[in-house]
Structures are given as C-alpha cells and as structure tokens.
Protein chains: 2
Amino acid sequence: MKPTIQNSIVLFKALSEITRLKIIWLLINIDSKICVSEIIEVLNQPQYNVSKHLRILRKAGLLEESKEGKWVYYYIKETDSEFILHLKKAISIISEKRHGC
Amino acid sequence: MKPTIQNSIVLFKALSEITRLKIIWLLINIDSKICVSEIIEVLNQPQYNVSKHLRILRKAGLLEESKEGKWVYYYIKETDSEFILHLKKAISIISEKRHGC
DNA sequence: TAAACATATGCGATATTTTGCATATGTTAT
DNA sequence: ATAACATATGCAAAATATCGCATATGTTTA
C-alpha cells in the first residue's frame, strides 16, 4: 500500500531527531536485535530518553520489541512498504563516523 | 559522498512538515519547474509561509530557484547523492490523494 | 518478601519550529 | 514616477518537541 502524506510525515519526523536516527542506523547496520541497555551505553544517552525515543520509533512502525525476561530487545520491523524500504536504503548509506560517543 | 548524520537530519527535518513535503511531492510528480504563486494556489497556503518553506527546502539542498522577471521558479535540484535519490524515490511513492485543498 | 535491576511514563521546564503580521525588495506596467 | 504585482524577511506569538526528574511497572535474585 502507498503511504498517505500523513503516514510519511510521521516517518520523517521519527527520523528527524539525532538519537532516533542513530538508533535506526545502528539497528540497520548491525542487522540484529539489541536491548535497551546496550543502546543506552552505545549512544551514551539517559535511560528515560532512549526509552521515549524507542517508543516513537515503534509507533512510527519502524521498530518492534520482544520482551525477554528483564530485558526488552528492539529490532527493525520487517516491511513490504516500498516507502519504508527506500528510507532504510537511504539510512544505510549514512556515514559511520561518530555515531556513539 | 556519504552524508553525515547531521546532513541527514537536516534533510529529514526539511521533509517533516506537511506543506514542505507537499511541495517536494508536487515537484517530483510534475517533473518540471513551478513558480511560487502556483504553489500558493495549489496548496492554499499563505504567501509568507510558502516562501519560508521554500527557503528551508532550498537550504537543505533539495530545491533550486531560477528568477524570471517578476516570478521565481523552483525545481528539484539535480543530485548524485545516493541518499537523496533514495529519499526522492520514497517520496514519489506517496499517495496522490488530498495534497492540495 | 525484599532488594536489585531493566525499562517505561507523567509532568513541568526548556528548546525548537511554525505561524501571522507588517513590511521590505525587486520587477513590470501605466 | 507611481502603481500593481510577486516574493522575501524580521520579529513576536503560538504550537510542538525534547529533556530532566521523579516515580511507576515488571522481572529476577537473594
């Protein structure tokens, strides 16, 4: 299905914040799931902000979560949306330098 | 050249506002230049806002302008950035419904 | 059961973005 | 030169997003 312009805005907004874009970039590039505490460590951001940003990414349809005991893992949601596939390809091109720290 | 994460943020922000996304969608889909007053008419937005949004899109590197007499025409900037090319492909997929009015 | 750990969320403070208005700039027509 | 038209811009107000803190929820370990 083609996205509406409103859908598209939600996705572009989700990707317009640096911590969120770093999370997505990381997940696309490592190509596996990762738990919240690892994201906090890699990006060096407070727990509550990482948590809020993950929620926004999940609501936008970019991520999914799986709860495993104490931990919550996040991973890139599978999609057949051409729109999202193009966005992912774009993100995978972003330069690697200085994403953590 | 690969974009930095900061470059990417500028682009995603530029595309995160509905009037701006509509302008880009329009220009990609008509595949020609268009003058400011036409954009104002099609999108039914005040002149000063259209003008400001065009400026943001131009500064982000998505549009270029050409002044012709009284009028200023805007058009999609040619690029060889793979990142921007993927974004354009994504945008061209967005559903046509209700972009004006 | 209590403590420790991992994550989420409500709310006010702060920062950023967008809007609306007034006005400026530049061009063409009379 | 003046008027009419097309577009741009500065600034304050309004709207929105983000952050920081406190605290809540849920899970495991002692």
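Residue numbers start from 1 in every chain, and the chains themselves are labelled A, B, ... in the order their sequence lines are given, proteins ahead of strands.
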Check this one for me: any side-chain N or O of Asn49(A) less than 4.0 Å away from OP1 or OP2 of dT18(D)? no

Nearest-Å distance for atom pair CG/C1', residues Leu15(A) and dA17(D): 15 Å

Could you tell me the separation between the CD atom of Glu41(B) and the C1' atom of dT7(D), rounded to a whole number of Å? 16 Å

How many Å lie between CD1 on Ile18(B) and C1' on dT18(C), as a whole number? 14 Å

State whether Arg55(A) places a side-chain N or O below 4.0 Å from either non-bridging phosphate oxygen (OP1 or OP2) of dT9(C). yes

For Glu41(B), I'd like to know if atom CD has over 12 heavy atoms of other residues, nucleotides or ligands within 6.0 Å. no

Between NZ of Lys59(A) and C1' of dA8(C) the distance, given in whole Å, is 12 Å

Do Leu87(B) and Leu15(B) make a side-chain contact, defined as non-hydrogen atoms from C-beta onward lying under 4.5 Å apart? yes

Give Ser51(A) one of three labels, base, sugar-phosphate or nothing, depending on what nucleic acid heavy atoms sit under 4.0 Å from its own. base

Record whether the side chain of Gln47(B) comes under 3.5 Å of the base of dA8(D) through a donor-acceptor pair of N or O atoms. yes

How about CD on Glu68(A), more than 12 heavy atoms from neighbouring residues, nucleotides or ligands closer than 6.0 Å, or not? yes

Along DNA chain D (nearest heavy atom to each residue), the more 5'-positioned of Trp71(A) and Tyr48(A): Tyr48(A)

Please pick, from dA8(D), dC11(C), dA8(C), the nucleotide with the shortest atom-to-atom distance to any side-chain atom of Glu65(B). dA8(D)

Does the plane of the ring in Phe12(A) sit parallel, tilted or perpendicular to the ring in Phe83(A)? Use 30° and 60° as the thresholds. perpendicular

For Leu57(A) and dA17(D), what is the distance between atoms CG and C1' respectively, to the nearest whole Å? 14 Å

Just call it for Tyr74(B): base, sugar-phosphate, or nothing, with non-hydrogen atoms closer than 4.0 Å on any strand. sugar-phosphate

Answer yes or no: does a side-chain N or O of His53(A) lie under 4.0 Å from OP1 or OP2 of dC19(D)? yes

Determine the contact category for Lys13(B): base if any of its heavy atoms lies under 4.0 Å from a base atom, sugar-phosphate if only primed atoms, P, OP1 or OP2 are that close, otherwise nothing. sugar-phosphate

Lys67(B) atom NZ is separated from dG26(C) atom C1', nearest whole Å, by 9 Å

Please determine, for the side chain of Lys70(A), which listed nucleotide (dA6(C), dC5(D), dT7(D)) has the closest atom? dA6(C)

Nucleotide nearest Ser37(A) (side chain, heavy atoms from C-beta), chosen from dT7(D), dA6(C), dT18(D): dA6(C)

Tell me if the side-chain of Glu17(A) makes a donor-acceptor pair with the base of dA17(D), cut-off 3.5 Å, by modelled atom types. no

Regarding Arg58(B), tell me which of base, sugar-phosphate or nothing describes its non-hydrogen contacts under 4.0 Å with the strands shown. nothing

dT18(D) C1' sits how many Å from Lys22(A) NZ, rounded? 15 Å

In the structure I gave you, are the side-chain heavy atoms of Asn7(B) and Ile94(A) within less than 4.5 Å of one another anywhere? no

Picking from dC5(C), dT7(C), dG20(C), which would you name as closest to the side chain of Pro46(B)? dG20(C)

Pairwise 5' ranking along DNA chain C for Val72(A) and Lys52(A), keeping only the more 5' one: Val72(A)

If I take atom CD1 in residue Ile39(B) and atom C1' in nucleotide dA8(D), what distance separates them, rounded to the nearest angstrom? 14 Å

Are the side chain of Arg20(A) and the backbone of His53(A) linked by a donor-acceptor contact shorter than 3.5 Å? no

